[in-house]
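Notes follow once the structure below has been shown.
Just so we're clear, the structure is a prediction, and the values are computed from it rather than from any experiment. Sequential numbering from 1 along the given sequence is applied to the chain's residues.
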Amino acid sequence: MKNIVIVGGGAGGLQLATRLGHYFSYTRVLHRRRKDPEVRITLVDRNRTHIWKPLLHQVATGSLDSGLDALNYQVHARKNGFRFELGSLQTLDRSRQVIELAPVEDADGRQLVPARELAYDYLVLSLGSQSNDFHTPGVREHCVFLDSTQQAQRFHQQLLDRFLQLETHTAETIEVAIVGGGATGVELAAELVEATQQMGRYGHIPRQALKVTLIEAGAHLLPALPPRLGNNAERELTRMGVRVLTGCAVAEASEDGFITATGEKIRASIRLWAAGVKAPDFLTRLDGLETNRINQIQVNAELQSVTDERIFAIGDCAGCVDIAEQRVPPRAQAAQQMAGVAEHNLIAQIEGRGMKPFCYRDRGSLVSLSKHTAVGNLMGALVKGSLTVEGRLAGVAYRSLYRMHLAAVHGWPKAMLIYLVGQANRFVKPRMKLH
């Protein structure tokens, strides 16, 4: 029996486990092999549930309830022909072809499950990325990040605490400072304005009580998009009441704000860091796997580690130059495309067929600016090049991205049902999570 172990249940890893589970389940039925599978798929993740990472800014502001929208790995695995193991990757032994998972502990630090080993014939690392603090003093101690559901919930709790202070007149304003003018920072800033409006419906909180500062070291917001779109996003955020600082580098974070490179103090009771990403640090210590300067595992065009052909890497943790000699960016769409090629290549390895190289196809980028508005560009054969989109049309396109993710994991019929249920929940429940 062949063992395929996938570590990381993000956009790429979950899609890959689901599709491989479907393929080998169908193969067993087709050939009337109903006993032990010839190929076992195991997904490993440190969390029990999955939520699409581009939605974490909505979890942070309370416009999305992670308890309703999260996918349970155990249930999904049972329905889709693969196994799920709760745990965190601790060590890799390439000579024995095993990984060791760290012990599982409860909230009080008591050990529930001891460290254990999983054997693999093929290992896929899909561990995503984390915020890069660039060793800026005070950031790790005094800032919140949006790398996980837990961190988004921590931000949400801080926001609710500040709202409580406003309602009880123990504070006059909420000062939020966000470092990083990429998609995460821009979307969070816009969502915070919407969250304040929603809170005003349930409490006595004036809109002007929220003071959001968005800090970007580059010349314009959304550096991955054309400058015109970044400038348009800045104008829209300014219209919404957000203070935008471009060309402003942060030198230090403290418990009451940020200090810029020019010595200016930007006060904030809530501080979020979203300036750049890197792969997890421990990847540089995984039994000699070659990594790059942002800790990504170096892979070839077939997505195999350049160090070990039995190890694949996909998504943000993969340092990949594709067959067209373009460096693949750390985006959700890249992770999903990589999952499709990794699926083909893993099946090809097991069935003795040839693998195919990965070629990244940029479908464009969309950034949400509020409930109905977005900016971005669409690319591909459908628009015959590049099409800049803004306003409500871009908002509709942005919201369709999540439905496409659901379809990749569940199939279109179930994805549309989940969407309709979600819309019904939003109709009968408050528009903002207040707990």
Side-chain touch [X]/[Y], heavy atoms, less than 4.5 angstrom:
{"X": "V124", "Y": "V5", "answer": "no"}
{"X": "F145", "Y": "L272", "answer": "no"}
{"X": "R162", "Y": "I270", "answer": "yes"}
{"X": "L43", "Y": "Y73", "answer": "yes"}
{"X": "T149", "Y": "Q153", "answer": "yes"}
{"X": "R310", "Y": "D121", "answer": "yes"}
{"X": "L346", "Y": "L20", "answer": "yes"}
{"X": "L245", "Y": "I266", "answer": "yes"}

So, taking the atom named [atom1] in [X] and the one named [atom2] in [Y], what distance separates them when rounded to the nearest 0.5 Å?
{"X": "M404", "Y": "Q333", "atom1": "CE", "atom2": "CD", "value": "9.0 Å"}
{"X": "E187", "Y": "L146", "atom1": "CD", "atom2": "CG", "value": "10.5 Å"}
{"X": "F358", "Y": "E302", "atom1": "CZ", "atom2": "CD", "value": "12.0 Å"}
{"X": "Q150", "Y": "L56", "atom1": "CD", "atom2": "CG", "value": "9.5 Å"}
{"X": "M240", "Y": "L369", "atom1": "CE", "atom2": "CG", "value": "7.0 Å"}

For this session: Kindly determine whether T91 and D287 satisfy side-chain contact (heavy atoms from CB on, under 4.5 Å), including the steps that lead there.
Result: CA-CA 8 Å; T91 61; D287 199 9; over 6 Å; no
Flag the pair [X] and [Y] as a salt bridge only when some basic side-chain nitrogen lies within less than 4.0 angstrom of an acidic carboxylate oxygen.
{"X": "R116", "Y": "E85", "result": "yes"}
{"X": "E175", "Y": "K211", "result": "no"}
{"X": "D256", "Y": "R271", "result": "no"}
{"X": "D316", "Y": "K278", "result": "no"}
{"X": "E117", "Y": "R96", "result": "yes"}

Does either side chain, that of [X] or that of [Y], offer a donor lying less than 3.5 Å from an acceptor on the other one?
{"X": "S63", "Y": "E191", "result": "yes"}
{"X": "Q326", "Y": "D362", "result": "no"}
{"X": "T284", "Y": "N295", "result": "no"}
{"X": "Q90", "Y": "E100", "result": "yes"}

Seminar exercise, completed: The single option from Q165, Q158, Q157 that satisfies side chain to side chain donor-acceptor pair (under 3.5 Å) with D161 is Q157
Exercise. In terms of ring plane angle, is the pair H405 and W52 parallel, tilted or perpendicular, where the classes change at 30° and 60°?
Worked result: parallel
For this session: May I ask you to decide if the ring planes of F258 and W273 are parallel, tilted or perpendicular, using 30° and 60° as cut-offs?
Result: tilted
Heavy-atom donor-acceptor pair, [X] side chain to [Y] backbone, under 3.5 Å:
{"X": "D147", "Y": "Q130", "answer": "no"}
{"X": "S305", "Y": "F312", "answer": "no"}
{"X": "E290", "Y": "T307", "answer": "no"}

For this session: List for me each residue that meets side chain to side chain donor-acceptor pair (under 3.5 Å) alongside R46, sequence neighbours excluded, and say none if there are none.
Result: none
For this session: Kindly write out the residues that satisfy side chain to side chain donor-acceptor pair (under 3.5 Å) with D108, not counting sequence neighbours, or none if the list is empty.
Result: R110
For this session: Quick one: list whatever passes salt bridge (Lys or Arg N to Asp or Glu O under 4.0 Å) with R140, sequence neighbours left out.
Result: D133
Exercise. Near K79 NZ, under 6.0 Å, is it more than 12 heavy atoms from other residues, nucleotides or ligands?
Worked result: no
For this session: Would you sort out whether H410 and H76 count as a ring pair (Phe, Tyr, Trp, His ring centres under 6.0 Å), showing the intermediate values?
Result: CA-CA 9 Å; H410 299 289; H76 188 74; 5.3 Å; yes
